[in-house]
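I have placed the structure first, in the form of structure tokens, so that the comments after it can refer back to it.
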Amino acid sequence: MSTPQLVVHRDKELMAQAAAARLITKVVDAQTSRGYASVVLTGGRNGNGVLAALAAAPARDAIDWSRLDLWWGDERYLPEGDPERNVTQARQALLDAVPLDPRRVHAMPASDGPFGTDVEAAAEMYAAELARAAGPENHGSVPTFDVLMLGVGPDTHVASLFPELPAVRETERTVVGVHGAPKPPPTRITLTLPAIRSAREVWLLAAGEDKAQAAAIALSGAGEVQAPAAGAYGRSRTLWLLDAAAASQLPRSLYPPASP
């Protein structure tokens, strides 16, 4: 378990640009040392903001996009191409503009796919895909992601792990189906906390006043069942990237004065 580090930026635009720059560096470093990189994307306004900033960054061309594996932390169980699906939004923000290898883009199943309404079977398929990608050097049945990004919801949810629901209590499976999510749509697929914690680095993104209370709760020692964001951490680093509004309820002692 890594101790959370905080970086607070002036506004959400600067936060997105800085996160994109960090991501470029991490991906290039991994590709230089190992030949490829593995990243888990997140949806929502902050996750998509980072992808849009990455699309606009001239330094994006430093990445060898053909040697990048992309995964998702969660997905809304909707038909392929639905505008509310995280993968659809990611394609619009970035993915369609860069030369990715389609075989390395690991989207979660859609509700009009072979599993139909059986979201648990769809989750099991994604877990099997993760397990096939895991090598002997990895920890368990998921690959060791270089960076796993998560948006933090106003209720402290991350991915589709909502407070008190069964998915946040899962300790064995790496991917589960979610029923009755309090945020529509109610049916989803999500990585579990054990899968999230396999990542080298976990980055939690929060911007806006509506995220201030969630950040304060998650960073105050709350339990992961009540505040799932509190249970999301990386093996070597846990990084909270916030704007000033999202950090407004945090004691200044939690982050360095030099935070831009």
Side-chain angles (χ1 to χ4, degrees), residues 38-48 51 69-93 95 102-134 138 140-145 147-153 155-199 202-205 224-225 228-229 231-232:
S38 180
V39 172
V40 179
L41 301 182
T42 186
R45 69 172 189 252
N46 293 322
N48 290 326
L51 297 184
D69 286 295
L70 293 178
W71 304 86
W72 271 262
D74 74 320
E75 187 55 276
R76 294 150 178 166
Y77 200 55
L78 297 168
E80 185 68 39
D82 189 288
E84 292 300 308
R85 273 176 61 84
N86 289 334
V87 65
T88 305
Q89 296 173 8
R91 291 189 188 283
Q92 293 172 345
L95 307 191
R103 297 169 297 180
R104 304 186 89 149
V105 178
H106 307 275
M108 287 182 166
S111 63
D112 58 350
F115 305 104
T117 60
D118 191 348
V119 68
E120 294 296 346
E124 289 175 7
M125 187 284 288
Y126 203 69
E129 188 171 354
L130 284 166
R132 286 193 298 271
N138 298 132
S141 55
V142 295
T144 301
F145 311 115
V147 175
L148 184 150
M149 294 188 289
L150 296 167
V152 179
D155 60 353
T156 73
H157 84 265
V158 290
S160 284
L161 301 174
F162 292 91
E164 305 286 354
L165 291 191
V168 77
R169 303 175 188 268
E170 179 64 44
T171 60
E172 299 296 330
R173 292 177 293 173
T174 58
V175 189
V176 295
V178 175
H179 304 273
K183 180 181 178 181
T187 307
R188 296 160 173 254
I189 302 173
T190 187
L191 298 188
T192 60
L193 287 176
I196 289 169
R197 292 167 183 165
S198 72
V202 169
W203 298 1
L204 296 106
L205 312 172
E224 63 195 38
V225 172

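- Arg188 places a side-chain N or O within 3.5 Å of a backbone atom of Pro185 that can act as its donor or acceptor partner.
- Arg45 CZ to Gln89 CD: the interatomic distance, rounded to the nearest 0.5 Å, is 13.0 Å.
- Considering all non-hydrogen atoms of both residues, Ala195 and Phe145 come closest at O-CE1, 4.0 Å.
- In this structure, the side chain of Asn48 does not engage the main chain of Gly43 through any donor-acceptor pair within 3.5 Å.
- Contact of the Leu70 side chain with the His106 side chain is not registered, since no non-hydrogen atoms from C-beta on lie closer than 4.5 Å.
- Here the side chain of Glu75 pairs no donor or acceptor atom with the backbone of Thr190 at under 3.5 angstrom.
- The shortest side-chain heavy-atom distance between Pro194 and Thr174 does not fall under the 4.5 Å cut-off.
- In this structure the side chain of Val202 reaches within 4.5 angstrom of the side chain of Leu150, judged on heavy atoms.
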Full working for side-chain contact (heavy atoms from CB on, under 4.5 Å) between Val40 and Met149: CA-CA 6 Å; Val40 179; Met149 294 188 289; over 6 Å; no
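- Here the closest non-hydrogen pair linking Leu165 and Pro182 is CD1-CD, 3.9 Å.
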CA sep, side-chain torsions, deciding dist, call: Glu124, Val175, side-chain contact (heavy atoms from CB on, under 4.5 Å): CA-CA 7 Å; Glu124 289 175 7; Val175 189; over 6 Å; no
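- Arg76 is listed as a side-chain neighbour of Asn86, based on a closest heavy-atom distance under 4.5 Å.
- Between Glu224 and Arg197 there is a salt bridge, with a side-chain nitrogen of the basic residue lying less than 4.0 Å from a carboxylate oxygen of the acidic one.
- In this structure, Ala134 and Ser141 approach most closely via the heavy-atom pair CB-C, 4.0 Å.
- Looking at Arg104, its side chain never comes within 3.5 Å of a backbone N or O of Ser38 through a donor-acceptor pair.
- Interatomic distance, CG of Asn46 versus CG of Leu204, reported as 11.0 Å (0.5 Å rounding).
- Considering only heavy atoms from C-beta on, Glu129 comes within 4.5 Å of Met125 through its side chain.
- The nearest pair of heavy atoms linking Ala121 to Phe115 is CB-CD2, 3.7 Å.
- With no hydrogens or angles considered, a side-chain donor-acceptor pair links Asp74 and Ser160 at under 3.5 Å.
- Between the OG1 atom in Thr187 and the NE2 atom in His179 there is a gap of 6.5 Å [rounded to 0.5 Å].
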Pair Met108-Leu191, side-chain contact (heavy atoms from CB on, under 4.5 Å): steps then yes or no: CA-CA 10 Å; Met108 287 182 166; Leu191 298 188; 4.2 Å; yes
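- Contact between Thr144 and Ser198 at its shortest, heavy atoms only, is CG2-O, 3.6 Å.
- Looking at Val87 and Leu41, their side chains never come closer than 4.5 Å, going by heavy atoms from C-beta outward.
- The CG atom of Asp69 lies 10.5 Å from the CZ atom of Arg103; values are rounded to the nearest 0.5 Å.
- In terms of heavy-atom proximity, Ala181 sits nearest to Phe162 at CB-CE1, 3.6 Å.
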Worked verdict on Ile196 versus Leu161 for side-chain contact (heavy atoms from CB on, under 4.5 Å): CA-CA 11 Å; Ile196 289 169; Leu161 301 174; 3.9 Å; yes
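- A donor-acceptor pair under 3.5 Å links the side-chain atoms of Thr42 to the main chain of Gly151, judged by distance alone.
- Between Glu164 and Arg169, at least one side-chain nitrogen of the basic residue sits less than 4.0 Å from a carboxylate oxygen of the acidic one, meeting the salt-bridge criterion.
- In this structure a side-chain-to-backbone donor-acceptor pair under 3.5 Å is present from Tyr126 to Trp72.
- Contact of the Pro143 side chain with the Trp71 side chain is registered, since non-hydrogen atoms from C-beta on lie closer than 4.5 Å.
- Under the 3.5 Å distance criterion, the side-chain polar atoms of Thr88 are matched with a main-chain donor or acceptor of Asp82.
- The shortest side-chain heavy-atom distance between Thr156 and Pro163 falls under the 4.5 Å cut-off.
- Looking only at distances, a side-chain donor or acceptor of Thr192 sits under 3.5 Å from a matching main-chain atom of Arg173.
- The main-chain N or O of Ala127 is never found under 3.5 Å from a side-chain atom of Arg132 such that the two would form a donor-acceptor pair.
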